[in-house]
> 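One structure, pasted below without further comment.
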There are 2 protein chains.
Amino acid sequence: MENEKAVTLQDIANRLNLSVVTISKALRNHPDISIKTTKLIKKVAEEMGYMPNIMARNLSSRKSNTLGLVVPKIAHHFFGAIIESIFDLAFQQNYETILTVSQENAEREKKHLLTLLSMKVDGIIISVTQETKDLSVFEMIERRGVPIVFIDRVPESAQNYNIVKVDDYNGAYKAIEHAYNLGYRKIAHFGGATNINIGRDRMNGFKDAMNNFGIEINPNWIFEGGYSENSGYEFFMKLYKENNLPELILAVTYPVALGIYMAAKEVGLEIPKDIDVICFGNAKVQSFLSPPLSCIDQPTDLISKNAIDLIMKKIDDEDNEIAPQQIVLDTSLVLRGTCIKKH
Amino acid sequence: MENEKAVTLQDIANRLNLSVVTISKALRNHPDISIKTTKLIKKVAEEMGYMPNIMARNLSSRKSNTLGLVVPKIAHHFFGAIIESIFDLAFQQNYETILTVSQENAEREKKHLLTLLSMKVDGIIISVTQETKDLSVFEMIERRGVPIVFIDRVPESAQNYNIVKVDDYNGAYKAIEHAYNLGYRKIAHFGGATNINIGRDRMNGFKDAMNNFGIEINPNWIFEGGYSENSGYEFFMKLYKENNLPELILAVTYPVALGIYMAAKEVGLEIPKDIDVICFGNAKVQSFLSPPLSCIDQPTDLISKNAIDLIMKKIDDEDNEIAPQQIVLDTSLVLRGTCIKKH
DNA sequence: TTGTAAGCGTTATCAC
DNA sequence: GTGATAACGCTTACAA
């Protein structure tokens, strides 16, 4: 069974006794070609089932209408939401999005970035892994003239790039302030890696708030380095075994909070009575947890929107005249069944 | 500020006074070239920061090492899990994956499929929208010789394509059998669109089980057409307003069940006491809902694994000698805090 | 308004 | 072992 061969511009040109160029122009609505001819060509192309070869088109035009997106994880509410809206916004502007997943692995991330460059994407949006420190790839991407926008997670030393992030510092601060007003004094922070901003800023917001409100910081209640269910579970279990649980835990992400829910359930402790929790991130399902989980909302749609706007602006800015831009979005406290009163 | 130009094979060839062909072959470990030369060329290429232009490579080799993936949604546990593992498995086999999202819109889906063809992907894995009926695109893809594998959702008339799905019929049947043994007799099904298999099979499994166990089917308790939170919410509210709630609802997806949780909470009914629920799909978070949600588990990892294996086999099968294959995976009942006793 | 020529960066083929 | 040549399908000058 022989496969149908793809129809090319040449095929259409042959059929109509016109040149390839005329066909090409007509199909792209180039004003050079008369309306009548254009119409005819389009009709015939449609009939013949013509489909442009994007490889050839991109190679020739040195423009791919493609965005690269790099995230550490997909099956995670925060990233799922961001990916979905970025895809949607890009599609609306006639851009394809090439998604790659680093799985929190810096080496893999680098490989993906090189692949994206090889694919000649017009711009790159990235949320880096926990371990990303080496900026050389990003510098190289810059030198190549490919616009790059960091979202949410930004390596420590990349503060001068294009960035769209959330005011993590104030988010943590607000949460602690709220807890303080509730009467909480024994507060832990299950934090993330502090070599990237989200971990660092949330940690700093936590510490500054604690200090400002005159609450003592217990170093045994401070953890660094995890964003997953596992981390939340393990940190909790460690404190539980030491018989050293705090009254309230500020969790760096929603999965970490879920890990805490898991652990608490396992050892028969009741949230929020025996141990209270609040976290960063706002998944719809949090309302239906037992108890409903309060959080510091990160506006995923706004992150995506701003990232796309920024990258498009940069792509259009061919002479690279626009300075890098740092956009910081506000968080808000969403209170449900946790962290609403002291027990 | 001028951008750094990308290094090409020609640049390396010039530097070494060799031909482009030699460079190209060496970098691909072609046996034509001596080990010594190959080594030298690789070293210089590395030094010069050479990165292949994938567009050019694909155009020339008529092979893209790229898979196309089409799903109706991303921010959804089931698809998130599938996407993540497909990306991972493809990456391990040196394939890039181009993800596109149909947003449950058949027209958009068709557009994405054409784009994937235009991008010359080597194979396509798709989970269709609720409304996909027109098979012409798929026929065309087949004629073009691009392997295609349907996962989970398959259009009614596409039963002869490559398929990896779940035994939805038996899943529903088992759930009803279990409910029957618990003593439930007033059972509703909040189902999906029945023009695709998952809705249809679950509905049939439900109905056959009901009939076999001699339970009367109340047509007012049968809904068709929704897979989202909204549907669950609306169907529930409709019955609630009619004062016509069943004892147990079999929900076609986890989001539908979540919609039911939402609605029940809003009107002050308690799950599972006042109204009980079980659903298809198994998200980790279901254990932490209040109450923990029981479900018919769909093995997402197995779906992905089988889909990748199948598509790779098809890609390698250049003469198209292997017949289309239908793989049906078993479900299992995961019982937690719902549908565990009659109230 | 249409067409010619050149080139995008790579790989396949075949000759040396 | 190495390389010249053509080709992949398209676009961008520029010429007619």
Side-chain angles (χ1 to χ4, degrees), chain A residues 3-42 44-45 48-66 115 117-122 144 318, chain B residues 3-42 44-45 48-66 115 117-122 144 318:
Chain A
N3 293 329
E4 215 166 78
K5 277 208 58 184
V7 179
T8 69
L9 291 183
Q10 187 65 63
D11 297 331
I12 306 179
N14 291 151
R15 169 97 100 84
L16 291 174
N17 271 318
L18 287 168
S19 83
V20 175
V21 184
T22 307
I23 312 293
S24 167
K25 284 181 175 166
L27 292 178
R28 283 175 296 137
N29 294 316
H30 201 290
D32 269 5
I33 312 299
S34 73
I35 300 189
K36 192 162 150 252
T37 316
T38 299
K39 231 175 181 167
L40 172 67
I41 290 178
K42 286 199 171 174
V44 174
M48 297 177 71
Y50 170 76
M51 278 165 37
N53 181 325
I54 292 189
M55 300 293 169
R57 169 176 292 180
N58 293 347
L59 180 60
S60 167
S61 66
R62 280 175 271 334
K63 187 25 169 132
S64 68
N65 263 263
T66 294
T115 304
L117 281 185
S118 274
M119 295 177 108
K120 303 292 168 193
V121 295
D122 294 336
R144 285 271 200 279
E318 286 172 12
Chain B
N3 294 331
E4 215 168 78
K5 276 206 61 183
V7 179
T8 68
L9 292 183
Q10 187 65 63
D11 297 330
I12 306 179
N14 290 151
R15 170 97 100 86
L16 291 174
N17 270 318
L18 287 168
S19 82
V20 176
V21 184
T22 308
I23 312 293
S24 167
K25 284 181 177 168
L27 292 177
R28 283 175 295 139
N29 293 316
H30 200 290
D32 269 6
I33 313 299
S34 73
I35 299 189
K36 191 163 151 255
T37 315
T38 299
K39 232 174 180 170
L40 171 68
I41 291 178
K42 285 199 173 175
V44 174
M48 297 178 70
Y50 170 75
M51 280 166 35
N53 181 325
I54 293 191
M55 301 293 169
R57 169 175 291 180
N58 292 349
L59 180 60
S60 175
S61 67
R62 278 173 272 333
K63 176 59 165 109
S64 68
N65 263 263
T66 294
T115 304
L117 282 184
S118 275
M119 295 177 108
K120 303 293 171 191
V121 295
D122 294 335
R144 286 273 201 277
E318 286 173 9

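In this text the structure is predicted, and so the values were computed from the model without any measurement. Letters A, B, ... mirror the listed sequences (proteins, then strands); counts begin at 1.
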> Expressed as a whole number of angstroms, how long is the span from B:D11:CG to C:dC8:P?
11 Å
> Taking only side-chain nitrogens and oxygens of A:T8, does any of them come within less than 4.0 Å of OP1 or OP2 of D:dC8?
no
> Round to the nearest Å and state the distance from A:L40 atom CG to C:dT1 atom P.
16 Å
> NA contact type, A:S34, heavy-atom cut-off 4.0 Å: base, sugar-phosphate, or nothing?
sugar-phosphate
> Could you list the residues that satisfy side chain to side chain donor-acceptor pair (under 3.5 Å) with B:S24, not counting sequence neighbours?
B:R28
> Just verifying a value: how many Å separate B:L40 CG and B:I33 CD1, rounded to the nearest 0.5 Å?
12.0 Å
> Within this structure, what is the NZ-to-P distance between B:K5 and C:dG9, rounded to whole angstrom?
6 Å
> Do the non-hydrogen side-chain atoms of B:K120 and B:N58 ever get within less than 4.5 Å of each other?
no
> So which protein N/O to nucleotides 11-14 of chain D N/O distances come out below 3.5 Å?
| unit_1 | atom_1 | unit_2 | atom_2 | d |
| --- | --- | --- | --- | --- |
| D:dT11 | OP1 | A:R57 | NE | 2.9 |
| D:dT11 | OP2 | A:S24 | OG | 2.5 |
| D:dT11 | O4' | A:S60 | OG | 2.4 |
| D:dT12 | OP2 | A:R28 | NH1 | 3.1 |

> A side-chain contact here means heavy atoms from C-beta on lying under 4.5 Å apart; do A:L27 and A:Y50 qualify?
yes
> Say you draw a straight line from CG of B:L59 to CZ of A:R57; how long is it, rounded to the nearest 0.5 Å?
13.0 Å
> Expressed as a whole number of angstroms, how long is the span from A:N53:CG to C:dC8:P?
18 Å
> At less than 4.0 Å, is any side-chain N or O atom of A:T22 found next to OP1 or OP2 of C:dG3? Yes or no.
yes
> To the nearest 0.5 Å, what is the distance between CG on B:L117 and CZ on B:R144?
6.5 Å
> Roughly, in whole Å, what's the span from CD1 in A:I33 to C1' in C:dG3?
9 Å
> May I ask you to say what B:L18 touches in the nucleic acid, namely base, sugar-phosphate or nothing, with a heavy-atom cut-off under 4.0 Å?
sugar-phosphate
